[in-house]
Amino acid sequence: MIRLEHVSKTYKTSTRPALDDVSVGIDKGEFVFLIGPSGSGKSTFMRLLLREDVPSRGRVFVADWNVAKLPRRRVPRLRQRIGCVFQDFRLLNNKTVAENVAFALEVIGKPRGDIQRVVPQVLQLVGLDGKADRMPNELSGGEQQRVAIARAFVNRPLVLLCDEPTGNLDPDTSQDIMLLLERINRTGTTVVMATHDHGIVDSMRRRVVELSLGRVIRDDARGVYGVGR
Ligand SMILES: Nc1ncnc2c1ncn2[C@@H]1O[C@H](COP(=O)(O)OP(=O)(O)OP(=O)(O)O)[C@@H](O)[C@H]1O
């Protein structure tokens with residue numbers, strides 16, 4: 001589903017590469033934690049998958065797309081198939097919960113009838129039925145993250161990229177969000193999650209890819225965060 005082949009990325013203003021000869025393959029339906037200290041290259045990894053940037057060297061594949069080679073007009077289609085969830089939720093604060101989720105479908109031109117059918121379904125999936133008409137500021141942080149996950153998932157992406165999705169949440173709420181991400185993963189969606197959260201990585205025992213200074217220094221099938229980090 002995702003393949004990086006000898007990928008290096010050096011930003012113009014930087015001397016050392018943000019990614020340095022990274023080769024990683026992620027199969028459909030995998031759940032992968034991307035860990036490493038601040039500046040190790042996790043966000044760069046995700047940005048290359050979304051074609052927000054292109055590698056300086058090497059090749060990036062998502063599904064069958066050679067991402068860096070995609071014509072510009074095809075990039076929206078790639079991004080439609082990749083859902084994104086962030087630490088700071090990034091909801092539209094002047095729209096209700098249902099409208100936030102619906103908006104993701106409106107912008108890609110989904111028919112109104114489809115939108116009215118699938119939005120309640122996905123809100124139920126994420127445990128927000130009954131909250132469709134609330135505004136984001138009337139929700140807890142965990143609930144806001146559920147809205148963000150619903151919005152990322154409503155179009156059934158191939159891949160869900162989660163950048164520190166529990167970074168603003170307390171441990172119990174974080175566990176609930178992880179259960180939700182696991183449920184989404186069980187639908188066959190590939191999940192890649194960048195995190196600094198030791199507790200979560202250690203409790204889930206999923207694949208762990210660790211970056212350090214832009215290099216993959218560990219790739220464990222059922223990993224933990226690591227001793228002493
Ligand atoms: N747009 C940019 N221009 C120049 N250098 C950048 C840019 N984005 C990232 N970098 C550099 O690339 C390296 C990797 O950064 P990246 O954001 O990928 O790390 P990260 O692991 O996601 O960090 P964090 O955990 O803090 O989000 C860092 O040295 C960073 O300073």
Side-chain angles (χ1 to χ4, degrees), residues 1-26 30-62 65 67-68 70 72 75 78-79 82-91 141 144-145 148-149 152 157 159-171 173-175 177-178 181 190-204 206-220 223-229:
M1 178 59 65
I2 293 171
R3 203 163 78 246
L4 276 72
E5 293 178 350
H6 299 289
V7 168
S8 295
K9 174 69 191 176
T10 305
Y11 291 103
K12 275 198 198 84
T13 50
S14 177
T15 46
R16 79 161 176 87
L19 290 178
D20 186 3
D21 196 20
V22 167
S23 294
V24 174
I26 297 173
E30 274 200 89
F31 193 120
V32 181
F33 287 116
L34 201 55
I35 70 167
S38 194
S40 57
K42 305 182 294 298
S43 304
T44 301
F45 186 109
M46 293 193 175
R47 286 165 50 77
L48 295 182
L49 298 179
L50 287 162
R51 178 58 188 273
E52 287 178 355
D53 221 324
V54 291
S56 313
R57 227 179 280 149
R59 299 197 296 174
V60 176
F61 295 91
V62 174
W65 291 294
V67 175
L70 267 189
R72 204 171 280 274
V75 171
L78 166 80
R79 292 184 185 157
I82 303 178
C84 292
V85 176
F86 304 95
Q87 177 170 358
D88 54 359
F89 319 136
R90 302 194 191 179
L91 301 178
Q144 290 187 51
Q145 195 59 297
I149 292 169
V159 178
L160 194 64
L161 296 182
C162 306
D163 198 354
E164 289 271 1
T166 61
N168 281 338
L169 304 176
D170 65 52
T173 310
S174 297
Q175 282 299 342
I177 291 295
M178 293 315 298
L181 293 178
T190 307
V191 178
V192 179
M193 171 169 158
T195 185
H196 293 285
D197 194 325
H198 300 217
I200 280 173
V201 175
D202 291 351
S203 67
M204 299 244 322
R206 296 300 192 110
R207 182 170 169 196
V208 173
V209 174
E210 180 172 358
L211 293 170
S212 172
L213 297 173
R215 289 186 154 262
V216 174
I217 58 164
R218 180 161 67 104
D219 187 345
D220 287 342
V224 292
Y225 200 92
V227 187
R229 267 181 270 263

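Just follow the structure's listing: the first ligand is 1, and inside any ligand the first atom is 1.
Looking at residues two or more places apart in sequence or on another chain, you find a side-chain hydrogen bond (donor to acceptor under 3.5 Å, both in side chains) between T44 and Y11.
Contact detail for R51 and L70: the closest heavy-atom pair is NH1-O, 2.7 Å. Contact record, A152 with C84: CB-O, 3.6 Å, taken as the closest heavy-atom pair.
Within the structure, salt bridge (charged side-chain N to carboxylate O under 4.0 Å, His left out) contacts touching residues 31-48 (residues at least two apart or in different chains) are R47-E52, R47-D53.
Looking at E164, its side chain does come within 3.5 Å of a backbone N or O of H196 through a donor-acceptor pair.
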Output side-chain donor-acceptor pairs under 3.5 Å for residues 15-23, partner residues at least two apart or in another chain, one line each.
| residue | atom | partner | partner atom | Å |
| --- | --- | --- | --- | --- |
| R16 | NH2 | G39 | O | 2.9 |
| D20 | OD2 | R215 | NE | 3.2 |
| D21 | OD1 | H6 | ND1 | 2.8 |
| S23 | OG | H6 | N | 2.8 |

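Around ligand 1 you find Y11, T13, R16, A18, P37, S38, G39, S40, G41, K42, S43, T44, H196, each with a heavy-atom distance below 4.0 Å.
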